[in-house]
Amino acid sequence: MKRQFGQKAAERRKRRVFDRFWDAIDAVYRSYNRASWARAGFPGDNSRAPAPGRWTGPDAERRRPDLTRRLLDRLGGPDRGTPSVVVAGSKGKGSTARMIAGILQAHGFRVGLFTGPHLLHPMERISINGVPLPEEDFVHWMDEIDPLVQEVVQGIRPDEYIAPVGIYLAVALCAFRKAGTDIDVLECGRGARFDDVAQVRARWAAVTPVMEEHLKELGPTLADVAWHKAGAIRSGMMAAFAGRQDPEVAALLRGEAKARGVPLRILGQDFFVEEVHLTSKGLWAALTTPGGRRVETTLQAVGAFQADNAALAAAVAEGILQDQSRRGRRGALWSEVLAAEGLRKVVHPGRCQILSRNPMILVDGAVTAASAAQIRKLIERWGSRVITIAAVPSDKDYPGVYRELAPVSDGLVLTRAGNGYFTYPREGAAVARNWYARVETAQDLGEAWRVAERWLTQSGKWPARAGVGRLAGGAGEAGSAGEAGVAGQAGAAGELGVARHAGEPRVGTRAPTAVGPHSLEIEPPVEWVLSGEKGHEGERGILLVGAQPFVAEVLSFLTGRSQHGSMINDSYANDSPGGGGPGDAR
């Protein structure tokens with residue numbers, strides 16, 4: 001089988017399928033787009049037909065993850081041989097996956113990491129030891145894979161498709177196999193039971209907290225959502241691990257694990273978060289693993305829920321290291337010091353991320369009341385106040401987000417992401433006025449930012465000359481001290497500098513670091529002054545919350561980096577080479 005695949009691959013290498021990276025990206029979404037157009041009544045060969053918008057209906061009826069399994073088998077099973085862990089759940093999947101990878105890398109393993117959706121560039125999805133896959137490597141693998149994709153989709157109904165995430169996954173696994181990774185960490189999409197990533201023959205599973213979300217596709221109840229997420233636990237796995245769960249969800253996960261013959265360990269019962277403190281360095285946490293090992297570390301992400309993610313990641317990594325040690329595989333024995341180091345180095349773009357002090361600018365993907373409550377507690381701890389800019393879609397818990405953030409907000413600006421993926425509540429402003437004296441709507445992020453600036457300026461709480469500028473040519477330095485120079489002029493450290501420096505983002509007071517071409521390692525300013533420390537009480541700023549496409553738009557807006565879509569399916573849409581059109585490809 002492998003020899004046959006190798007011969008076919010050699011034949012395909014004689015001809016180049018894609019000349020440009022974005023042509024290869026278009027091909028990822030080809031099957032999905034054709035199915036969308038067919039469902040909307042357009043001919044299947046009309047590649048320029050308008051995308052019809054989001055698909056509806058439960059995942060159990062409309063997704064075909066078996067097509068991804070078929071593709072992987074045609075590729076010689078790149079998921080076989082290298083042990084892997086799948087990460088599912090409603091909140092914190094990406095953070096937990098990055099933390100697992102970070103701990104394993106610190107122990108000397110070569111780790112392949114697959115996450116999604118991306119924020120600004122598609123290659124954020126695929127990395128090896130923290131380095132995103134180069135565009136030319138992606139094109140190479142799409143040259144190999146695309147002919148097999150065409151074979152796999154032959155004979156399916158016009159409204160069926162192979163999911164884009166399945167093709168991204170196939171590229172990732174081929175790249176990981178070629179790079180000789182020791183462990184692969186793979187993040188599932190919104191579900192698991194009918195998710196393409198769960199088709200991988202993984203050895204471990206992790207399930208982060210499960211909440212009521214994607215109810216049209218996974219619902220209509222929390223139990224239904226949990227049933228989908230529990231599908232990450234498959235027969236033959238070494239173990240499964242779960243974050244802090246609602247009792248109903250925990251019971252369902254236990255039942256699934258028992259039926260599959262897989263040991264299940266749950267946060268709060270088998271491993272623990274012992275202590276959590278905000279410090280001037282970040283979030284200090286003390287964790288206890290299932291093996292009774294205590295890990296003390298400081299996390300760059302400051303939301304208290306990240307301590308739970310870290311505990312889950314440490315539990316999974318401990319299990320992996322124990323298994324690999326028993327098998328005599330490459331890698332170091334478990335070390336609390338290395339685990340702490342791995343967790344400390346993980347960066348979480350757009351997840352409770354502080355982009356600036358003076359003025360304070362904080363961005364997070366909160367779309368549930370529970371997530372918003374964590375942000376509120378953080379701001380209360382600081383003794384700060386904010387103007388909140390929110391873009392929470394109508395199928396998320398927008399009333400809960402509005403309610404939870406009201407106690408720390410001096411006003412609410414409602415807006416939307418520009419890529420058209422989500423719909424937003426028409427009654428949002430009326431709902432928000434139950435808790436806010438000042439509510440305004442804005443057509444886009446730029447207008448929302450101007451409203452927030454105006455309110456803060458009127459209150460006298462906005463630093464002089466604060467604002468967002470744009471760089472001519474996309475390069476620049478931070479502005480002078482005491483001024484918010486978002487894409488500003490040259491000047492001294494000590495103030496906000498969100499700018500592009502030598503083609504890369506720069507945020508904060510440190511010299512810019514060398515980062516990969518598609519990475520988003522935006523640095524926070526040094527030495528955060530947190531609650532109880534002089535100089536923080538009474539600080540004012542802007543809080544931006546919303547679904548992932550909005551978070552991506554915020555980072556693009558503040559850093560000046562191009563945004564190539566998030567959760568996209570229409571690769572021909574508008575002026576973004578990678579998309580940004582409507583759809584539900586994840």
Side-chain angles (χ1 to χ4, degrees), residues 17-18 21-39 44 47 49 51-55 59 62-72 74-75 93-94 114-126 133 135 138-139 141-153 156 158-175 186-192 194-200 214 217 419-422 518 548-549 552 563-573 576-586:
V17 180
F18 303 108
F21 172 74
W22 293 109
D23 292 334
I25 291 294
D26 285 345
V28 171
Y29 296 90
R30 184 194 300 128
S31 177
Y32 178 87
N33 285 340
R34 285 177 177 170
S36 297
W37 299 325
R39 190 179 178 93
S47 62
R54 297 187 64 192
W55 284 64
D59 278 7
R62 67 183 184 83
R63 290 186 74 97
R64 286 286 306 274
D66 60 298
L67 296 177
T68 295
R69 182 65 261 169
R70 196 181 306 172
L71 174 62
L72 293 176
R74 295 283 183 91
L75 288 166
K93 298 190 300 293
F114 178 76
T115 60
H118 60 276
L119 284 170
L120 299 186
H121 193 283
M123 292 301 93
E124 296 163 20
R125 295 171 179 255
I126 305 169
L133 187 71
E135 289 183 0
F138 182 82
V139 172
W141 288 116
M142 283 300 295
D143 279 343
E144 300 284 350
I145 289 171
D146 189 64
L148 295 178
V149 172
Q150 302 314 306
E151 294 178 16
V152 166
V153 299
I156 65 174
D159 62 344
E160 294 180 327
Y161 64 95
I162 181 169
V165 67
I167 301 176
Y168 275 125
L169 175 67
V171 170
L173 292 172
C174 286
L186 313 171
E187 179 190 354
C188 288
R190 63 169 169 253
F194 299 97
D195 188 84
D196 299 78
V197 176
Q199 294 295 304
V200 169
H214 295 298
E217 296 85 8
N419 74 347
Y421 172 74
F422 287 113
H518 316 310
Q548 189 120 352
Q563 180 186 358
H564 296 300
S566 176
M567 303 176 76
I568 58 176
N569 80 290
D570 185 7
S571 52
Y572 294 106
S576 174
D584 193 10
R586 187 65 178 96

Rounded distance (nearest 0.5 Å) linking atom [atom1] of [X] with atom [atom2] of [Y]:
X: I167; Y: W141; atom1: CD1; atom2: CH2; value: 16.0 Å
X: I25; Y: E135; atom1: CD1; atom2: CD; value: 8.0 Å
X: Q150; Y: S31; atom1: CD; atom2: OG; value: 8.0 Å
X: L148; Y: E151; atom1: CG; atom2: CD; value: 5.0 Å
X: L169; Y: R125; atom1: CG; atom2: CZ; value: 11.0 Å
X: D196; Y: T68; atom1: CG; atom2: OG1; value: 3.5 Å

| Taking the inter-plane angle between the rings of F138 and Y168 on a 0 to 90° scale, is it parallel (under 30°), tilted (30 to 60°) or perpendicular (over 60°)? | tilted

To check you understand the geometry: which heavy-atom pair defines the closest contact between [X] and [Y], and what is its length?
X: I126; Y: F114; value: CG1-CD1, 4.0 Å
X: A170; Y: L75; value: CB-CD1, 3.9 Å
X: A24; Y: V139; value: CB-CG2, 4.3 Å
X: V197; Y: E187; value: CG2-O, 3.4 Å
X: I145; Y: C174; value: CD1-SG, 4.2 Å
X: M142; Y: A27; value: CE-CB, 3.9 Å

| said: I'd like to know if the side chain of D195 and the backbone of P65 have a donor-acceptor N/O pair within less than 3.5 Å. | reply: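 Side chain of D195 to backbone of P65: no pair is present.
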
| field | Note: R30-D26 ion pair, threshold 4.0 Å (strictly below) | value |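 Salt bridge absent between R30 and D26.
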
| task | Carefully, step by step, assess I162 and R64 under the rule side chain to side chain contact (heavy atoms under 4.5 Å, CB included). | result | CA-CA 7 Å; I162 181 169; R64 286 286 306 274; over 6 Å; no

| query | Is the shortest heavy-atom distance from the side chain of Y161 to the side chain of V153 under 4.5 Å? | reply |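 Of all side-chain heavy-atom pairs linking V153 with Y161, none is under 4.5 Å.
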
| query | Under the side chain to side chain contact (heavy atoms under 4.5 Å, CB included) criterion, do L133 and V171 qualify, and how do the steps go? | reply | CA-CA 10 Å; L133 187 71; V171 170; 4.0 Å; yes

